[in-house]
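Just so we're on the same page: letters track the sequence lines, and every chain starts at 1. No hydrogens, no waters, no symmetry mates; every other heavy atom, side chains included, goes into these values.
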Amino acid sequence: MSSGAAPRSRFDWRGFVVPVLLVITAQVAAVVTHLQSDSLAAPSEILVAGIEALMDGTVLRATRDTLIMALSGLAIGVAVGLFLGLLLGLSRIADRLMEFSIEAFRPIPSVALIPVAMLVYGFGYRMEISIVAFATAWPMLLFTRSAVGSIEPRLVEVSRALGFGVLARVWKIILPAALPRIFVAFRLAVGIALIVAVTVEIAANPYGLGYTMMVAQQSLRPGLMFAILIWIGLIGWFLNALMIWAQHRLFGPAAMTAVQL
Amino acid sequence: MTLQRIFWLAASLLVGAALIGLWQYIADARLVSPVFLPGPDRAWDALVRGFAAGDLEWKLLGTVERMIYGWLLASFVGIALGALIGISPTARAYLGPMLEFLRPLPASAIIPVAIALLGLSDSMVLAVIAFGALWPMLLSTIHGFAAVEPRLYEVARLLGLSHWEVIRKIALPNAMPDILAGMRLGLTVALILAVVGEMLASRDGLGLWILLSARSFRAPDLFAGVILLGSIGYVSALILGAVESRVLRWRGH
């Protein structure tokens, strides 16, 4: 089950049996019971609601909002995490000095910052971006730190012997050597960015896909609600597949080890 | 613990204290508006006052209870289902792709569906926590059981072990590192969803408390709540880490 351990070689029809059967069962059950519900919808209704929402632009606008906030937060979080991770990975002293502070900050659940960000920024883009940035900085920091810390020491010696300055050493030796593992962290961070963005929208922020889904639920439109749920799932799946493809393309099969945090 | 280790630990504690001092200075000098950023002294006061008034511990307990119940529920279901699916190549072929497709779905996206089905109730919050924490456990248990060396199964067959014995004596110990990793991730997810669930369904707990504190501009209370939530995360990770190193002692790290 390791995600993307190998490129999917041949088509396996068996994976489709259960989902197809589930959809058919749901449709039949809905038709037989003449489903009229505020909380459930037949697959056909979900499909119709989904197509309507795609055509009239609500879903696309919400997708744009969610993606802008998730990706901006990701960019900030990745930059901060990368910088701090490089710093702590390069300097044993800085790493040891920051040990307690990092261990004390890390366990704060990102959603606990929702009220803090609300207080500072009110609702809107900035609030959500700051929370996504906080959440994505951690995996970048931790993975980069350990990736840089475990670089073959002789590589660093060579760069010293060549008389490289710190910047040249980081740019020419350390980053390229640590990049495959840093990219693994980036892949994780992309997933986290979407999860946190949707969570913030569901919990508080009146923008984006999460909020649109909450509104669909509150206005008793289960078809639309499930359609957006599936849409969010598709986006998550697509981003994940894109990252696995990029990882494979950039670093080859050797880098495709399974990761779990 | 060597002398050197103690020295560095003390040094890192000092750096932490210095950072808190810096926070105090920023708050005192009003570099950031006190509406947003209370000093550590005021946050600490709010914490002490909350516990003295006797309601903060109930909120803390409410959140912890929710998190643990949901997590335990997810653990039972996740490990049992994961073992069943992971041990059978046929089940993996039929169910694996669907589970992989669902993996990147944000667990919180299920909240509106849960509200539609269960209303804004305690059982809704519990269901969301259990559902969200289930995924990491299910997927890593499947992975753990699928990755057992096939020759071990052959040996088990030669020894004439029953199906149940194979699971208990061979597959489960081999899958244990994966299962524990899944449980650790599941606990993080459980805490996050407990907080979000409380905020949405207005259930008494730290999540609701920090939300209400922010709405009424009680920043010290808000920071006290955030500190407590961080402590829950810290302590639970510590306990699981201890359990993990005990259970996996036989691997001889």
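For I210(B), the parts lying near chain A are the backbone and the side chain together; criterion is any non-hydrogen pair under 4.5 Å. Of the atoms belonging to M118(A), it is side-chain heavy atoms, and not backbone ones, that fall under 4.5 Å from chain B. There is no contact between A104(A) and chain B, counting heavy-atom distances below 4.5 Å. Both the backbone and the side chain of I115(B) come within contact range of chain A, judged by heavy atoms closer than 4.5 Å. Contacts of A237(B) with chain A are absent, with no heavy-atom separation under 4.5 Å from either backbone or side chain. L222(B) touches chain A through its side chain: at least one heavy atom from C-beta onward sits under 4.5 Å away, while N, CA, C and O do not. Only the side chain of L191(B) comes within less than 4.5 Å of a heavy atom in chain A; its backbone stays farther off. Only the side chain of I111(B) comes within less than 4.5 Å of a heavy atom of chain A; its backbone N, CA, C and O stay farther away.
Contact of the W237(A) side chain with the L105(B) side chain is not registered, since no non-hydrogen atoms from C-beta on lie closer than 4.5 Å. With contacts defined as side-chain heavy-atom distances shorter than 4.5 Å, the pair V113(B)/F226(A) qualifies. V111(A) has its side chain out of reach of M199(B): every pair of non-hydrogen atoms, C-beta onward, lies at least 4.5 Å apart. Using a 4.5 Å cut-off on side-chain heavy atoms (C-beta onward), M98(A) and L19(B) make contact.
For Y211(A), the OH atom counts as loosely surrounded, since its 6.0 Å shell holds 12 or fewer non-hydrogen atoms of other residues, nucleotides or ligands. Heavy atoms from other residues, nucleotides or ligands lying under 6.0 Å from CH2 of W23(B) number more than 12. Other residues, nucleotides and ligands contribute over 12 non-hydrogen atoms within 6.0 Å of the CZ atom of F101(B).
Between the CZ atom of R14(A) and the CE atom of M98(B) there is a distance of 15.0 Å, given to the nearest 0.5 Å. For the atom pair CD1 of I108(A) and OH of Y234(B), the computed distance is 13.0 Å after rounding to the nearest 0.5 Å.
Between chain B and the residues D38(A), L40(A), I228(A), V116(A), the largest count of heavy-atom pairs under 4.5 Å involves V116(A). Interface check for chain B: of the options R106(A), E103(A), E201(A), M213(A), the most heavy-atom pairs under 4.5 Å are formed by M213(A). Chosen from I232(A), L97(A), L234(A), the residue pairing most often with chain B at heavy-atom distances under 4.5 Å is L97(A).
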